[in-house]
Structure formats: structure tokens, C-alpha cells
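Okay, structure first, notes after.
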Amino acid sequence: MKITKLSTFIVPPRWLFLKIETDEGITGWGEPVVEGRALTTEAAVHELADYIIGKDPLLIEDHWNVLYRGGFYRGGAIHMSALAGIDQALWDIKGKAFGQPIHQLLGGQCRDRIKVYSWVGGDRPSDVAAKAREAVAQGFKAVKMNGCEELQIVDTFDKVERAVAAVAAVREAVGPHIGIGADFHGRVHKPMAKVLARELEPYKLMFIEEPVLSENREALAEFTKHCSVPVALGERLYSRWDFKGVLQDGHVDIIQPDLSHAGGITECRKIAAMAEAYDVALAPHCPLGPIALAACLQIDAVSYNAFIQEQSLGIHYNQGNDILDYISNPEVFHYEDGFVAIPQGPGLGIEVNEDYVIRRAAEGHRWRNPVWRHADGSFAEW
């Protein structure tokens with residue numbers, strides 16, 4: 001079997017899909033995208049395609065090494081996301097070729113299902129109590145919300161009070177036993193992060209995500225002195241080498257590699273195993289589309305330390321299209337009692353509706369991150 005063609009589709013709301021074809025008629029799908037940089041990532045995919053056209057798609061480990069190491073310059077969001085989508089599609093082909101789900105080829109599942117959580121409240125936390133209550137009514141056992149709006153490196157306490165009030169409202173709405181993740185989104189610098197952590201302590205959070213930017217990971221040593229809540233991060237780390245120092249430091253409790261950013265299934269399998277050796281939990285990042293979610297569930301299936309899965313159904317970014325729109329078997333993502341079953345179909349376990357993908361790609365998108373500014377006019381982290 002040989003790879004014959006790679007095709008890319010930029011589709012609403014902010015996704016990029018990849019189709020890899022073979023001379024035996026078996027196709028695989030991947031989701032290689034950097035949100036807000038879809039065109040750049042698409043170009044990187046086609047640059048990497050020069051190597052794999054004509055190759056055997058089943059030699060995934062070798063292809064990964066060449067595509068990662070063979071360009072001399074390596075790593076970072078664009079390169080690793082392009083590689084991630086190619087890797088997902090190659091695993092999809094391999095699973096279909098053998099008539100097995102990917103997790104079966106990775107050693108077999110160690111769980112039947114995994115807990116999922118629902119986003120509530122949007123970029124700027126609003127109406128969070130009602131939305132959290134609605135999510136719980138739908139069966140979710142956990143929710144995640146942005147923990148605050150923009151904060152300057154040192155800011156006023158009224159902003160802290162607003163953040164605490166939002167979390168308190170969610171806790172009151174959902175009761176004591178629903179998990180609440182508070183995402184600081186890298187918006188918070190060290191001086192204010194420890195203040196927020198102290199004030200949020202009474203609300204028994206499931207985790208605090210990205211309490212500081214990953215590039216400021218040395219600040220976590222001090223942050224954790226002020227916080228007994230589990231610390232999660234990793235959506236802006238792209239390889240096992242990026243995660244290595246974070247794990248060695250010992251201040252992170254949950255890692256969140258993104259299957260569409262951190263080198264795909266091949267690399268995230270290794271990242272998850274590294275984390276397990278440090279007794280660190282796995283909760284893959286996934287505010288993206290159905291292909292990315294299906295890839296996450298393959299890793300969740302075989303990773304002992306996986307405990308919860310992010311998913312984007314109904315997330316505030318999904319304007320015009322949602323994750324079920326692009327697949328012909330939406331029942332594969334049926335959420336029940338706060339869990340989703342591990343897919344059992346061959347490959348990724350999803351059936352991409354290619355005709356619909358092509359129609360929506362005719363519209364495409366140019367999604368961009370919001371640009372925020374502080375009251376003094378300086379740039380604010382989104």
C-alpha cells in the first residue's frame with residue numbers, strides 16, 4: 001500500500017481537516033490545525049507531504065521520526081500540529097487496513113468509557129451559574145469555565161472578587177460534588193495567580209488550568225505553595241521534550257497535551273506514558289472538531305492515567321458548525337451519565353461526511369483570536 005494524495009479542507013467554525021488517500025482505496029483523516037493559523041498550518045502539511053507521498057502508510061513510527069527530525073528545525077505549534085494531523089490520518093488508515101480501532105493496535109483499551117466535561121460561560125465568564133446548571137441537567141459530572149477576565153501583572157482586588165463570585169455562583173448552582181475546572185488561560189501572571197488561588201481555595205475546584213503561561217513554569221513552584229488545588233497545563237506544549245521539564249519540576253498534577261498540536265497519536269501516547277511515570281494525570285486538550293476528539297479517545301482508551309476528556313460540543317467558538325455536523329455516525333459521541341464510550345469502529349471510529357466537508361470548505365474561515373487590551377492600552381493576554 002502506498003500514499004497517493006493529501007487533501008486539506010479549511011472548514012467552519014475554525015478547523016482544518018486532512019484526508020490521506022492510498023492506492024488501495026483506504027483513506028485516513030486527521031485534524032492538523034492551529035486555531036487562528038489554519039492557512040499556515042495547511043502550508044506546513046503540504047510541505048511535509050513531499051516526503052510521504054509514495055510511502056507505505058503503515059510505517060508510522062519511521063514517518064514520524066523523519067517528519068519531525070528530517071527538517072533540521074523542529075518543534076513549535078505549526079510544525080507539530082501539521083505533523084499531528086498527518087499522524088492521526090496514518091493511524092486511521094492503519095486501523096482501517098486491519099479492521100481494528102486504533103486503541104486495539106496500541107495494546108487494547110484499559111477502560112470502556114471516559115468522563116467528559118462541558119465548557120460554560122464563554123471567554124468572559126457570564127451567566128455561568130445557569131449554563132453550569134444546564135450542563136449538569138444534561139448529565140455532565142464536570143464543567144470548565146474561564147476563571148477570570150484579563151488581569152494585569154498586578155491588578156486591583158475588584159477583579160479578583162468578580163472572578164471568585166463567578167466560581168462561587170457555579171459551585172452554588174451545581175452543588176458540592178460536580179467537578180469544576182477553572183481555566184486561568186495564561187491570562188494571569190505570578191503576582192495575581194497566587195492571590196486568585198488563595199481566594200478560590202474554598203470552592204473545591206477539580207483543577208486550575210494554566211495558572212501561568214507555560215513559558216513561566218518556574219513560577220509554579222511558588223504558586224503551588226499557595227494552592228492545594230491540582231494544577232493542569234499543557235495545551236501550549238508540543239512534544240515530549242516540552243513536557244519533560246514540566247514533569248521533572250514536579251509542580252503539575254494534570255497534563256493536557258492536544259492531539260492536534262502535540263505530534264498526534266504517536267507522540268501523545270509517549271507523553272502520557274511519561275506522565276504516568278511521574279504519577280501525573282492525563283486530560284487531553286480538545287476544543288476542536290470530531291477528528292481531534294476521536295484521536296483523543298484512542299489515547300484515553302490505552303492510558304491508565306487518563307481521567308477526563310475535554311470536548312467542544314456547544315462551545316462558544318462553534319458558531320455555524322459543531323462537531324457532529326461533519327460525521328455520518330454522530331452516535332459515536334453519545335454522552336451518557338457524564339461519560340462517552342470509547343469508539344469501537346476501525347481506525348478513529350468515525351465516518352467523516354466528505355461531501356459535507358467539501359461544501360463547507362467552499363466557505364472556509366479566517367478565524368482569529370480576540371485581541372484584548374488593558375485599561376491603559378497595553379496588550380492583555382487572551
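Looking at heavy atoms from C-beta onward, V231 lies in side-chain contact with P211 at the 4.5 angstrom threshold. Using a 4.5 Å heavy-atom threshold, the side chains of I86 and I52 count as touching. Looking only at side-chain heavy atoms (C-beta outward), I291 and F17 come within less than 4.5 Å of each other. Residues D112 and Q109 form a side-chain contact, since some pair of their non-hydrogen atoms from C-beta on lies under 4.5 Å apart. Within the 4.5 Å cutoff, the side chain of R198 has no heavy atoms near those of the K194 side chain. The side-chain heavy atoms of E351 and I327, taken from C-beta on, include no pair separated by under 4.5 Å. At least one side-chain heavy atom of Q309 sits under 4.5 Å from a side-chain heavy atom of L293.
Checked by atom type and distance alone, the side chain of D242 pairs as donor or acceptor with a backbone atom of Y238 at under 3.5 Å. Side chain of R236 to backbone of S214: no donor-acceptor contact under 3.5 angstrom is found. Between the side chain of E209 and the backbone N or O of D183 there is no donor-acceptor pair closer than 3.5 Å. No donor-acceptor distance shorter than 3.5 angstrom exists from the side chain of H285 to the backbone of S260, with no hydrogens or angles considered. In terms of modelled atom types and a separation under 3.5 Å, the side chain of R14 and the main chain of E35 share no donor-acceptor contact. In this structure, E24 contributes its side chain and I26 its backbone to no donor-acceptor pair below 3.5 Å. In terms of modelled atom types and a separation under 3.5 Å, the side chain of K55 and the main chain of Y51 share a donor-acceptor contact. Side-chain atoms of D56 come within 3.5 Å of backbone atoms of L58 as a donor-acceptor pair (strictly under, hydrogens ignored). Judged purely by atom type and a 3.5 angstrom limit, T41 uses its side chain to pair as donor or acceptor with the backbone of R37. A donor-acceptor pair is defined here as one N or O able to donate and one able to accept, closer than 3.5 Å; such a pair exists between the side chain of H103 and the backbone of P343.
Within 6.0 Å of atom CD in E331, more than 12 heavy atoms from other residues, nucleotides or ligands are found, so the atom counts as buried in its surroundings. E201 CD: more than 12 foreign heavy atoms inside a 6.0 Å radius. In the displayed structure, Y304 atom OH is contacted under 6.0 Å by at most 12 heavy atoms of other residues, nucleotides or ligands. Around the CZ atom of R368, the shell of radius 6.0 Å holds more than 12 heavy atoms that belong to other residues, nucleotides or ligands. At most 12 non-hydrogen atoms from other residues, nucleotides or ligands lie less than 6.0 angstrom from NZ of K190.
Remark: D337 engages K141 in a side-chain hydrogen bond (donor to acceptor under 3.5 Å, both in side chains) (not counting sequence neighbours).
D23 and T4 share no side-chain donor-acceptor pair at under 3.5 Å. Residues S303 and N305 bring no donor and acceptor atom of their side chains to less than 3.5 Å of each other. In summary, the side chains of E310 and W119 do present a donor paired with an acceptor at a separation below 3.5 Å, with no hydrogens or angles considered. Checking T8 against E42 by side-chain atom types alone, a donor-acceptor pair falls below 3.5 Å.
F140 has its ring centre no less than 6.0 Å from the ring centre of Y117. Taking the six-membered ring for Trp and the full ring otherwise, W15 and Y317 have centroids separated by 6.0 Å or more.
Taken from CG in D253 to CG in D279, the straight-line distance is 9.5 Å, to the nearest 0.5 Å. Remark: W91 CH2 to R269 CZ distance equals 9.0 Å, nearest 0.5 Å. Interatomic distance, CD of E210 versus CG of N146, reported as 10.5 Å (0.5 Å rounding). Atom CD1 of I299 and atom CD1 of I342 lie 10.5 Å apart (nearest 0.5 Å). Rounding to the nearest 0.5 Å gives a distance of 11.5 Å between CH2 of W29 and CG of L348. For the atom pair NE2 of H365 and CD1 of I10, the computed distance is 5.5 Å after rounding to the nearest 0.5 Å.
Cation-pi geometry between R171 and Y203 is not satisfied (NZ or CZ under 6.0 Å from the ring centre, within 45° of the ring normal).
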Requested in this report: Would you check, one step at a time, whether the test side chain to side chain donor-acceptor pair (under 3.5 Å) holds for Q88 with Q298?
Outcome: CA-CA 10 Å; Q88 292 167 1; Q298 306 300 322; over 6 Å; no

Requested in this report: Take R360 and E363, measure what salt bridge (Lys or Arg N to Asp or Glu O under 4.0 Å) needs, and give me the verdict at the end.
Outcome: CA-CA 5 Å; R360 298 303 286 144; E363 176 179 333; 2.7 Å; yes

Query raised in the report: Do R187 and E381 pass the salt bridge (Lys or Arg N to Asp or Glu O under 4.0 Å) test, and can you show the C-alpha distance, the side-chain angles, and the key distance before you say yes or no?
Result: CA-CA 5 Å; R187 297 171 181 174; E381 291 283 356; over 6 Å; no

Requested in this report: Decide side chain to side chain donor-acceptor pair (under 3.5 Å) for Y68 and D87; before the verdict, give the C-alpha distance in whole Å, the side-chain angles of both, and the deciding distance to 0.1 Å.
Outcome: CA-CA 11 Å; Y68 176 74; D87 182 81; over 6 Å; no

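Between V143 and M206, the closest heavy-atom pair is O-CE, 4.3 Å.
Each of D249, V246, L233 was scored for a side chain to side chain contact (heavy atoms under 4.5 Å, CB included) with L220, with one residue passing: L233. When each of R373, R162, R124 is paired with E150, the salt bridge (Lys or Arg N to Asp or Glu O under 4.0 Å) condition holds for R124 and for no other.
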